[in-house]
Amino acid sequence: MTDEVTPGASQRAGCAGNGGIGRRTVLCGAGVAGAAVLAGCASGGEETAEELKGQEIAKAADIPVGGGKVYGAEKVVVTQPAQGTFKAFTAVCTHQGCTVDKVQNGLIRCACHGSEFKIADGSVQKGPADQPLAEYPVQVRNGGIVVT
């Protein structure tokens, strides 16, 4: 790799070679930008149970029996598999880190690649995911679902 100047590049001070933008500079910049994008995807912004501890993540009245609701901003899905039984799981799919998008027919679904998880325990019903969703311990307090 050389520091050849890109044709038509500006001749500003501080740039590689004779003042233009060098090929190495362009490639390094692209690599840094790509790494930042991948890091953002990998982390997913997922909050851990410890970070959510003590926080109300949903209202019990908003969670249907036999169903649930995805809270995308918090990366949490809250379900009610049976009357009065509430569960909370990470909304980050264990396959490739997409956020699950809906709860339907007793399953938490990921639209990215079709994985499905059971609302009762977060276990895999259908792949490609092969690991369950992480569960957060919760209690109902004053009508709110709180991570404990």
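What you are looking at is a predicted structure, and each value in this text was computed from that prediction instead of being measured.
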Fill in the blank from the handout: dist Asp130:CG -> His95:NE2 (nearest 0.5 Å) comes out at 8.0 Å
Problem - Common cluster, Tyr71/Ile108, ILVMFWY with side-chain heavy-atom separation under 4.5 Å - result: no
Problem - Check: Glu74 and Val147 side chains under 4.5 Å, non-hydrogen atoms - result: no
Problem - pair check: Cys112 + Cys98, SG-SG < 2.5 Å - result: yes
Handout entry: CZ on Phe86 to OG1 on Thr79, rounded to 0.5 Å
Key = 9.0 Å
Exercise for the section: Compare all side-chain heavy atoms of Lys75 with those of Thr99 and state whether any distance is below 4.5 angstrom. Expected result: yes
Handout entry: Nearest-0.5 Å distance, CD of residue Gln131 to OG of residue Ser123
Key = 11.5 Å
Practice task
Compare every heavy atom of Arg141 with every heavy atom of Gln139, then report the nearest pair and how far apart it is.
Solution key: OE1-NH2, 3.1 Å
Problem - Minimum side-chain heavy-atom gap Ile57-Val138 below 4.5 Å - result: yes
Problem - Backbone N/O of Ala129 and side chain of Ser115: donor-acceptor pair under 3.5 Å - result: yes
Handout entry: Non-hydrogen atoms of Val140 and Ala60 that approach each other most closely
Key = CG1-CB, 4.4 Å
Exercise for the section: Output the distance between atom CD1 (Ile119) and atom CD1 (Ile63), rounded to the nearest 0.5 Å. Expected result: 10.5 Å
Handout entry: Heavy-atom side-chain contact between Phe117 and Leu107 under 4.5 Å
Key = no
Exercise for the section: For the residue pair Val76 and Phe89, establish whether any side-chain heavy-atom pair is separated by less than 4.5 Å. Expected result: no
Exercise for the section: Enter the distance from Ile145:CD1 to Lys69:NZ here, rounded to the nearest 0.5 Å. Expected result: 10.5 Å
Problem - Asp101 vs Val70 side-chain heavy atoms within contact, under 4.5 Å - result: no
Practice task
State yes or no: do Val92 and Val100 share one hydrophobic cluster built from I, L, V, M, F, W and Y residues joined by side-chain heavy-atom distances below 4.5 Å, directly or via other members?
Solution key: no
Problem - side chain to side chain donor-acceptor pair (under 3.5 Å) involving Gln125 - partner list, sequence neighbours excluded - result: none
Exercise for the section: State, with a plain yes or no, whether a side-chain heavy atom of Val65 is found less than 4.5 Å away from one of Gln80. Expected result: yes
Handout entry: Nearest-0.5 Å distance that lies between atom OG1 in Thr148 and atom OH in Tyr136
Key = 13.0 Å
